[in-house]
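Step one of this worksheet: look at the structure below.
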Amino acid sequence: MGILIETAQTPAKWLNRSGPVLGLFLVCLIFGFLVGPQFFNPGNLELIARQTAIVAVAAIGMTVVIASAGIDLSVGSVVSLSTVVMALLLRSGVPAFAAVGGAVAAGVLCGAIVGLLVTRLRLLPFIVTLGMMLIARGAAKGLADEQRVEAPVTWINDLLRSPSGSQSWLLLPVGVWAIIALSLMTAATLEYTRFGRHIFAIGSNERTARLCGVPVEACKLAVYSIGAGFAGLAGVMEFSKLSVGDPTVAVGFELDVIAAVIIGGGSLLGGRGSIFGTLIGATIMAVIQLGSSQRGLPNWVQQIVTGIIIILAVALDHWRQHGHNNSRS
């Protein structure tokens, strides 16, 4: 019996571990064929890394949220709000480090409000974050007076730019290295800390976790705050790319982020998630968008391709979950 169960579980385990990497290889192969050998030039690979950075940093936080069986639809709006907050702070003379902290704090505040509504009023995360999506977007437009906010140039503008001069040894932009470091820290937190085990326990079975003494409400509050904080950091990266605060940016961004998590092995039902897989998923989304642009595909074709990828990601999650349930039975 034990051998049969292990055999039944093997395809799901193999898909979770190898599927994202194989998917990235396949997508790169397709666009390498469509665009040509120049698609793999070092300069283009660096461009892919920069494109991945913004989705990846928000997807790290979304991985934590989804692992706890939650969801956050307000990520794109929080990104736009953070860019506006940062631009306003810089324009008012606030130091760059403080402006970064203010942008991240704006995201954490949005996440904390969501966490309080979910835990105290027992509201569905889908509904609460849908409302927060509109609130944060409206706040961004109101603060920016419905226009782009110009800001003075600081080191923030160089986060996603190619290193040059004395920094050329870095090979990748500073922002990309910062995201790699945050990924390692978050992965270690989920894998080796009590808080990480609590997150997966809540996502797997909240009632059982509560009976085992897991502080469910406190964990959920922390999870949504962390997720929105990472969205605020994604806003910092978006500001670095645009050099302005834009209240209209990142519309539909949350779909790319959720798709990256699911492609990377996360489950919308909770209890499962991988930071490494999420980074691979974010890279796949960036390769598709950049490859479509370099191939000259119109925007509407890119949107169709992205929509198909999202549907396939959800179908993949359903297939994995169905296979897992069959193996258990």
Side-chain angles (χ1 to χ4, degrees), residues 20-60 76 79 83 86 96 100 148 151 153-184 230 233-246 249-250 252-253 255-257 259-260 263-264 275-306 309:
V21 176
L22 292 176
L24 177 59
F25 175 78
L26 179 61
V27 169
C28 289
L29 194 64
I30 291 173
F31 282 102
F33 174 77
L34 294 176
V35 177
Q38 65 271 22
F39 188 75
F40 300 103
N41 289 342
N44 201 52
L45 294 178
E46 182 185 331
L47 182 59
I48 291 174
R50 292 203 301 268
Q51 290 284 97
T52 302
I54 300 174
V55 175
V57 68
I60 293 170
V79 168
T83 66
M86 170 167 288
V100 171
R148 290 188 171 189
V153 176
T154 65
W155 56 264
I156 300 172
N157 300 82
D158 298 327
L159 285 176
L160 294 181
R161 291 180 181 174
S162 302
S164 58
S166 61
Q167 292 185 332
S168 58
W169 60 273
L170 289 174
L171 300 180
L172 294 174
V174 175
V176 174
W177 286 114
I179 292 170
I180 292 173
L182 286 172
S183 301
L184 294 174
F230 272 101
L233 191 56
V236 174
M237 298 299 171
E238 186 71 36
F239 178 88
S240 176
K241 175 184 175 182
L242 300 175
S243 299
V244 296
D246 190 348
V249 77
F253 179 73
L255 299 181
D256 291 343
V257 172
I263 292 172
I275 298 298
F276 173 75
T278 293
L279 295 180
I280 297 296
T283 306
I284 290 174
M285 301 300 294
V287 168
I288 291 173
Q289 293 175 0
L290 189 62
S292 298
S293 298
Q294 293 181 349
R295 187 66 179 85
L297 299 178
N299 183 258
W300 62 269
V301 174
Q302 296 181 38
Q303 290 181 339
I304 290 176
V305 172
T306 303
I309 292 296

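- Applying the side chain to side chain donor-acceptor pair (under 3.5 Å) test to Ser243 and every residue at least two apart in sequence or in another chain returns Asn157.
- By the salt bridge (Lys or Arg N to Asp or Glu O under 4.0 Å) test, Arg295 pairs with no residue at all, sequence neighbours left out.
- Distance CG/Leu279 to CD1/Ile284: 11.5 Å, rounded to 0.5 Å.
- We find the CD1-CH2 distance between Ile304 and Trp300 to be 5.0 Å, quoted to the nearest 0.5 Å.
- The distance from the CD1 atom of Ile275 to the CD1 atom of Ile60 is 6.0 Å, given to the nearest 0.5 Å.
- Looking at residues two or more places apart in sequence or on another chain, you find a side chain to side chain donor-acceptor pair (under 3.5 Å) between Gln289 and Asp256.
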Taking it one step at a time, do Phe253 and Ile54 satisfy side chain to side chain contact (heavy atoms under 4.5 Å, CB included)? CA-CA 10 Å; Phe253 179 73; Ile54 300 174; 3.9 Å; yes
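- Judged as a side chain to side chain donor-acceptor pair (under 3.5 Å), not a single pair has a partner in residues 20-30 (not counting sequence neighbours).
- Take Pro42 and apply the side chain to side chain contact (heavy atoms under 4.5 Å, CB included) test, not counting sequence neighbours, and it matches no residue.
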Could you go step by step and tell me if Ile263 and Ile280 meet the side chain to side chain contact (heavy atoms under 4.5 Å, CB included) rule? CA-CA 8 Å; Ile263 292 172; Ile280 297 296; 6.0 Å; no
Would you list the atom pairs, donor with acceptor, under 3.5 Å between side chains in residues 27-38 and any protein atom, with sequence neighbours excluded?
residue: Gln38; atom: NE2; partner: Val35; partner atom: O; Å: 2.9

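- Judged as a salt bridge (charged side-chain N to carboxylate O under 4.0 Å, His left out), the pairs with a partner in residues 48-60 (not counting sequence neighbours) are, in order, Glu46-Arg50.
- Side-chain contact between Leu182 and Phe230 is present, with heavy atoms from C-beta onward closer than 4.5 Å.
- More than 12 heavy atoms of other residues, nucleotides or ligands shown are found within 6.0 angstrom of CZ on Phe40.
- Among residue pairs with one or both ends in residues 29-39, none qualify as salt bridge (charged side-chain N to carboxylate O under 4.0 Å, His left out); sequence neighbours excluded.
- Arg148 is linked by a side chain to side chain donor-acceptor pair (under 3.5 Å) to Asp246, counting only residues two or more places apart in sequence or in another chain.
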Show me the donor-acceptor pairs within less than 3.5 Å that the side chains of residues 233-241 make with the rest of the protein, sequence neighbours left out.
residue: Ser240; atom: OG; partner: Ile156; partner atom: O; Å: 2.8
residue: Ser240; atom: OG; partner: Leu159; partner atom: N; Å: 3.4
residue: Ser240; atom: OG; partner: Leu160; partner atom: N; Å: 3.4

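- Rounding to the nearest 0.5 angstrom, the gap separating the CG atom in Leu242 from the OG1 atom in Thr83 is 7.5 Å.
- Taking every heavy atom of both residues into account, Phe39 and Leu45 meet most closely at O-CD2, 4.2 Å.
- By the side chain to side chain donor-acceptor pair (under 3.5 Å) test, Asn41 is found to be paired with no residue, residues two or more places apart in sequence or in another chain being considered.
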